[in-house]
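Heads up: the structure comes next, in structure tokens.
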Amino acid sequence: MFYDFKVIEEKWQKFWQANKSFHAEIDSTREKYYLLEMFPYPSGKIHMGHVRNYTIGDVASRFKLLEGFNVMHPMGFDAFGQPAENAAIKNKTKPDSWTHKCIKEMETELKKMGFAYDWEREISTCDSSYYKWNQWIFLKMLERNLAYKKASGVNWCASCQTTLANEEVVEGGCWRCKTKVEQKNLEQWYLKITEYKERLLEDLAQLKDWPERVRAMQNNWIGKSSGVDIYFRVKDSDQVISVFTTRADTIFGATYIVLAAEHPMAGALIKGRAQEKEVLKFIQRVTQESKIVRTASDVKKEGVFTGAWAINPVNNEEVPIWIADYVLMEYGTGAIMAVPTHDQRDFLFAKTHSLALKIVIQPKCKPVLNEKQMTEAYEGGGQQVNSGEFNGLDNLIAQEKIALWMEKEGLGKIQTHWRLRDWLISRQRYWGTPIPIIYCSKCGIVPVPYKDLPVELPKDAPFTREGGNPLAKVKAFVAVNCPKCLGPARRETDTMATFFDSSWYFLRFCSPDFGSAPFNLPETKYWMQVDQYIGGIEHAILHLLYSRFFTKFFQDLGMIDFSEPFGKLLTQGMVLKDGEVMSKSKGNIVDPDSMIKNYGADALRLFILFAAPPETELEWDERGLEGAFKFLNRVWRIHESLKPQADIELVKVLHKTIQKVTKDFAEFKFNTAIASLMELTNACYQFGADKEVFSKLVLMLSPIVPHFSEELWEILGHKESIFKAAWPKYDAQLLVEENMDLVIQINGKVRSKITVARDISQAALEKLVLEDEKIITWLAGKPLQKFIVVPQKLVNIVI
RNA sequence: GGGCAAGUGGUGGAAUGGCAUACACGACAGACUUAAAAUCUGUUGGCCGCAAGGUCGUAAGGGUCCGACUCCCUUCUUGCCCACCA
């Protein structure tokens, strides 16, 4: 009654494994295709998000294989990270054994889905044969001054007991546990990603096959903004305050300037002034508050007057210097000029503290602005006023002219500022790559020599909830001799952020066992770059930006000859249930394993591809899965009643389907490809299929439902695996119909249809159309204005 | 506040300047069955009509065009990302 998916799926999974069916080797005679899905964190169980991500990738890889490409489709595990430590504490085990157990379980689950991975290339980032190269890369960066240590205010998660990168702070909380992030002053390791900011920005233009959205997000994150640094001399002093603005056109309207509380000049400015005590108190309070509280947009802007005045360099007006919480030290110069009339934030601040307003731009067609009547800042364009020699100019033109003039006069400097910060990679955690550094009281910071790599992570660190990094408690690890002076020294106990691990794993897959460098150049040259990368949109900034940075670094080392790692990128949509993201906390998880048990992996794969296009969100619907299963049974039954010779009409449908499905697969439009295959199946029932037609139907289904197709392929008498076959080709001649249905419109509305010969002449066509009964009625003798013919499609008559 | 994406039947979705709603799900009716399941066949956007047919209809409004779900403008709504970024 039903095809026996349990037996069939197990049978072919064993077959593929035993035959290493999807193992890839360099083959210069064939075009390569490197397909990669973002590797998972080994939590032990796969979820629907994995199923969707990996099914999309799997279909693409099997399709490319059938098309004759030399396909590399590897899989591995992003195995370092905090959950292993938490699990170790909870289950009284070790992160190492917990992780390896999870990897085993995860492999089993992935194999049950029938994914065509080259398991010979499997890697785990927690193996020292992998993380050794993290350390190697770190040392190379250190040599080039791209890795450095500095003390600074960092994001600290008290719950995870570790620092976080800016990229890991989400809505003021830790990206992992949502705990509110605190500010802490610590000495930490950074990678100088800012050294690559221009290239990271410019090369976005190369990534034409990336979603626009991802490029926009990276663009925003890098955050290039052009403007002018303007120099304000402090009155009765030789100090100069530099402020950054993108609106040089408003410089004549600056009525005060504001420093960030952390601004290094603040102390000197207030020294000996009446306001000193009050200001110091304010600074202390503000700097202790976490950045997140300070930057929450609903918080009222607070500030104090320093007692000092500055001179506006363009008109020598004296303006008061304030310190306020809404100016950030991290951006620009840590100081701003405030133009309350043309900046809403400045406007609110000025109103609160009764500061002066001065209009310098008048809108062109709206009512004239008046300082006394303004209720909000005017941020639009217009004509310069109160701006000396620039009066009357359009503000956008003035913006450029003022900037050039100021630079010429030495009043300022045309300047570009960036949002991108250096990448903080130190983590006060155990389960990560040890940073290969030794601290010696005599020699200072000493890198571990290459020959001593890897610095192995000790497996027996004590695990308790309290007391910080367990690694620091392993004496045998910490105590070491300095490689330079051989005296007693101390190891770095911070480990690397796990995003380091995933920033180059796609290169390791090219030569996973290579022992003398992170990757082997000839193999890398053959396989890279990744032709198609598939993963979640949540990695649009972090992982993809870091990977691009690493790739450019390897290029600079001369190890590779390309600058971008991923050619095409597909970000698959999320799997929803009842309109919400599936999550444990919401309790709306659907377990893939139980779906496999009930309907089989093939039906699950089919449903998940059919229910929505890859990029859009997918609403989970078990009835849809049931439908997919029914469809497979319907296809299965065809083989029980094959005819010796198929009807020509069916053959025509077949060739149309081949054309459509080939195109759809190439464009990742799996949902419409499946719809076409369903139509072909319906036609098989209508006309009766022969072995030829049915074989091709099965072949086209095989990337989607591989076990099912292998079994039918065998039943049809083929001796080799279906994945050794070639993708079917269509006969263009069979697609050409002699006759065609022609749509007749009157004034753009469909009024009739006629069947005509494909190669009919225009005159004959016109005659036929005008003889059509319905058309005669519609025309009813009205004069004909136009007769538009769209060849092979329709005619439109305008009356 | 800025950026990006999207809005089509009861539902998932198809069509990207040329027949709106392909393919499914669901629903309804029928066949088979003692019955149910499974399977097969048919109907299924709204309104008017016995029917033939007509008419309205792709978030709302406007525009371009012989012709607009599709292109342009305005507005609304939803989702995602960024954000006191000067």
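The model shown is predicted, which means the values in this text are computed figures rather than measured ones. The sequence lines fix the lettering, A, B, ..., with proteins before strands; numbering per chain opens at 1.
Judged by distance alone with a 3.5 Å cut-off, a donor-acceptor contact links the side chain of A:N796 to the base of B:C66. One cannot find a donor-acceptor pair under 3.5 Å joining the base of B:G79 and the side-chain atoms of A:E617.
When each of A:W620, A:F670, A:F629 is paired with A:F607, the ring-ring contact (aromatic ring centres under 6.0 Å, His included) condition holds for A:W620 and for no other.
Look at B:G9: its glycosidic torsion is within 90° of 0, and that puts it in the syn range.
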Next on the checklist: Counting Watson-Crick and G-U wobble pairs with both distances under 3.5 Å, what is the dot-bracket string for RNA chain B, 5' to 3', using [ ] for crossing pairs and | for pairs to another strand?
Outcome noted: (((((((..(((.....[....)))((((((.......))))))((((....))))..(((((..]....))))))))))))....

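Contacts of A:V750 with the nucleic acid, taken as non-hydrogen atoms under 4.0 Å apart, involve only primed sugar atoms and P, OP1 or OP2.
In this entry the distance linking CD1 of A:I638 with P of B:C40 reads 11 Å, nearest Å. Atom pair A:Y685:OH and B:U39:P shows a separation of 10 Å (rounding to whole Å applied).
The aromatic rings of A:H539 and A:H543 stand perpendicular to each other, their planes meeting at an angle above 60°, with 30° marking the opposite boundary.
Closest approach of A:A261 to A:I323, counting heavy atoms only: CA-CG2, 3.8 Å. Considering every non-hydrogen atom in both A:E615 and A:L570, the closest pair reads OE2-CD1, 4.0 Å. Summarising the geometry of A:F244 relative to A:Q415, their closest heavy-atom pair is CE1-O, 3.7 Å, with the distance given to 0.1 Å.
Distances shorter than 4.0 Å separate none of the side-chain N or O atoms of A:R751 from OP1 or OP2 on B:G53. Between B:A24 and A:R623, no contact under 4.0 Å exists linking OP1 or OP2 to a side-chain N or O. Taking only side-chain nitrogens and oxygens, A:N671 comes nearer than 4.0 Å to OP1 or OP2 of B:A14.
The stretch residues 658-666 of chain A has no heavy atom under 4.0 Å from RNA chain B, so no residue of it qualifies as close.
Side chains of A:H417 and A:D229: a donor-acceptor N/O pair is present below 3.5 angstrom, by distance only. Looking at A:Y326 and A:D346, their side chains do bring a donor and an acceptor atom within 3.5 Å of each other. Donor-acceptor pairing under 3.5 Å is lacking for the side chains of A:Y533 and A:S547.
Residues A:T245 and A:I537 both approach RNA chain B. Their nearest nucleotides, taken by heavy-atom distance, put A:I537 toward the 5′ side. With the nearest nucleotide of RNA chain B identified for both A:R345 and A:E212, A:E212 has the one nearer the 5' end.
In the set B:G18, B:C80, B:G3, the nucleotide with an atom closest to the side chain of A:V790 is B:G18. Between B:A15, B:C66, B:U39, one nucleotide has an atom nearer to the side chain of A:R637 than all others, and that is B:U39. Side-chain proximity of A:E679 to the nucleotides B:A86, B:C19, B:C23 is greatest for B:C23. Each of B:C82, B:A15, B:C19 was ranked by its minimum atom distance to the side chain of A:T672; first place goes to B:A15.
Rounded to a whole angstrom, the distance from the C1' atom of B:A60 to that of B:G12 is 25 Å.
A cation-pi geometry, defined here as NZ or CZ lying under 6.0 Å from the six-membered ring centre and within 45° of its normal, holds between A:R634 and A:Y685.
Remark: A:E400 engages no residue in a side chain to side chain contact (heavy atoms under 4.5 Å, CB included) (not counting sequence neighbours).
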